[in-house]
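Shown next, in structure tokens, is the structure this report addresses.
All chains are named by letter (A, B, ...) in the order of the sequence lines, taking the proteins before the strands, and each is independently numbered beginning at 1.
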Amino acid sequence: MNAITPINNAANFLRRAEGLSAPGWAVALRAAGRDALAARGMPTRRAEAFKYTDLAPVLNAGFVAPTGSRNVPPMPAQRGRARLVFVDGVLRGDLSTLPPRPLSDMAAVLGALTTPDTQPITALNASFAEDGLVLEIPAGEDAGLVELLSIVTDGAIAFHPRHIIRLGAGAKLALLDTAQGADGIAYLHNPVFEVSLAEGATLAHVRVQAEGRAAFHLSSVHAAIGAGATYDNFTLNAGGRIARNEIHAALNGAQGACHMNGAQLGTDGQVVDTTTVLHHAAPDCASRQTYKTVLKGRARGVFQGKIFVAQVAQRTDGYQMNQALLLSEDAEMDSKPQLEIYADDVKCSHGATVGALDAEQLFYLRARGIPADEARAMLVEAFLTEAVDGVANEECRAALDEAVRSWWAREA
Amino acid sequence: MLKIEGLTAEIDGKTILNGIDLELPTGEVHAIMGPNGSGKSTLSYVLSGREGYEVTGGSVTFNGIDILAMEPEERAATGLFLAFQYPVELPGVGNANFLRTALNAQRRARGEPEVDAMQFLKLARAKMKALNMPEDMLKRGVNVGFSGGEKKRNDVLQMALLEPKLAILDETDSGLDIDALKIVADGVNALRGPAFSALVITHYQRLLNYIVPDRVHVLMGGRITRSGGPELAHELEAQGYGQAAA
């Protein structure tokens, strides 16, 4: 064969991945990831799903493996009954109040919800997959609030935790997932969540992405939602230089519900991207998506939301709304809703708006004595309210409000 | 006292105010009457500091302080209050939170201690009772879903809470029925006293039956063309601006 092998844009990652020694449970998963990267590389902007988000800075950055730092950074107060802590990409049993379980326990289901061939961010994680949060909640149990916390203090590291969360029939869990890091370090956090909800289970998954300003955050959630089960995701996408959160959710049983809400806060030089792919694969399911994006300076925001309604998914009730507030003339928002509907008895609506702060509202507040910065903060908070109000867990809501306020205090 | 001297202002390069001279002594209520397009709303916006209006000449002082150099929020903290012709809706901003934030922002600017949530609630409830307002208006979004009359009532509540030294009522009677008109008037009259002044800007004499002014000024073509006692309002009503203004 005389075929010319093009230079693969994922070569930096592939070289490192090939040099890893894999424990037994990881061999197949990592091989599948490497094969996908070797065959296709990472997507460029020519790929439809990455048209608005250029991964080149991630691919050219040149990361190192977690260095085994034993740093003990200051940590936010624990809000849940237990938490699992990562520092500098290393799972730290000594700092965790939740005893870690090895991914080898999950070997039978590992990767079952993902297709690395068509999900490059997931393939990247698979190539390096490491121990993450492993949670199995038995049927009927209410596990309360559990936390997952990642803090990066040092090093241009790349880390790729694989989190597996499985809820038995009727089980309940709230998961608060917080990612933070120091500014000025170009690290990559590339987590993948595999979420499986049995009949009637309820998972409230609240994610607070507040990575350092130079960081890259590429995450992917895969959720399989059983009959009568509810997956409730809220993602605050506020940190990092390039931050993309993908959700791939499937409503696999009748009368399931999927709520995907979020807020994106972007500032100068940042790209914040939310991409959702939702499969209505069973009848009588409901889905709700409300995303709000606030952009300052030369920030770019992306929302891509695909809803696929299979022929069998009759009486689907779907709703998707994404709204952006641009606080500067240099900010840019790209949104792309996509509906693909094969069932005929379906209620499915979507909408998108982009606008600036209302000058009349701002003047009204100032005319009552509220200083301009405080008035703007009030209007931004009000803009986010509709999405944030969906978060019912009070501890999670408090964590979100705090993260939004600290973003504003830092950026205003 | 409010003192306006030779005030000229333009919007988008078009001159609207053509040299306004006006003195409003402390403790008095003056009305400014004029036809559409005479500059009534521009005057109230220039006084309260809205962006987009360029002052090209003259001066405005309030108790000797030049207010034209101040931000809208600073003017509010010195005691100036604009009652809006059309109060805006603020979805997602709770009325109670808005009122307390405004009150505390002004108190902070004046170096006074802030009121906490409990003190505020007590104060707000007392004012609302006096204004005959249902308490659930505190819980709702600011003006969201309010009728025209409720919005004006909410403006009056803000005025009652903020206790301004100078209120500017910008055609606050537009679109109001008699009951709502009386509520607005009662709110203003309740504040009347030796330390309170008001500038009531209106097209019609109707509101002045309920807020009886000490003086009436006629605004035409961006200038005060005539001033007189309360009887001038009735004359304008009877003869129209064309005859009475000059």
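- Inspection of non-hydrogen atoms places no residue of residues 236-243 of chain A under 4.5 Å from chain B.
- Of the atoms belonging to A/Ala372, heavy atoms from both backbone and side chain fall under 4.5 Å from chain B.
- With sequence neighbours excluded, no residue satisfies ring-ring contact (aromatic ring centres under 6.0 Å, His included) with A/His259.
- Here the side chain of A/Arg368 pairs a donor or acceptor atom with the backbone of B/Leu82 at under 3.5 angstrom.
- Using a 4.5 Å cut-off between heavy atoms, B/Leu162 touches chain A through its side chain atoms alone.
- A search for ring-ring contact (aromatic ring centres under 6.0 Å, His included) contacts involving A/Tyr364 returns B/Phe84, B/Phe98, not counting sequence neighbours.
- Looking at B/Glu74, there are no atoms closer than 4.5 Å to chain A (heavy atoms on both sides), in backbone or side chain.
- Neither the backbone nor the side chain of B/Pro164 comes within contact range of chain A; no heavy atoms are under 4.5 Å apart.
- For A/Glu374, the part sitting under 4.5 Å from any heavy atom of chain B is the side chain, from C-beta outward, and nothing else.
- A/Met378 and B/Val93 make their closest contact through CE-CG1, 3.8 Å (heavy atoms, listed as atom of the first residue, atom of the second, distance).
- A/Leu384 does not touch chain B: none of its heavy atoms, backbone or side chain, sits under 4.5 Å away.
- Taking chain A as the reference chain and counting heavy-atom pairs below 4.5 Å, the highest number among B/Ala105, B/Gly52, B/Pro72, B/Ala76 is found for B/Pro72.
- Listed by chain and number, the residues in a salt bridge (Lys or Arg N to Asp or Glu O under 4.0 Å) with A/Arg81 amount to none (sequence neighbours excluded).
- Of the two parts of B/Arg50, the backbone and the side chain both hold a non-hydrogen atom closer than 4.5 Å to a non-hydrogen atom of chain A.
- The choice from A/Ile370, A/Thr385, A/Leu362 that makes the most heavy-atom pairs within less than 4.5 Å of chain B is A/Ile370.
- By the neighbour-count criterion of 12 heavy atoms within 6.0 Å, atom CZ of A/Arg298 is sparsely surrounded, having that number or fewer from other residues, nucleotides or ligands.
- When all heavy atoms of A/Ala382 and B/Pro91 are compared, the pair lying nearest together is CB-O, 3.4 Å.
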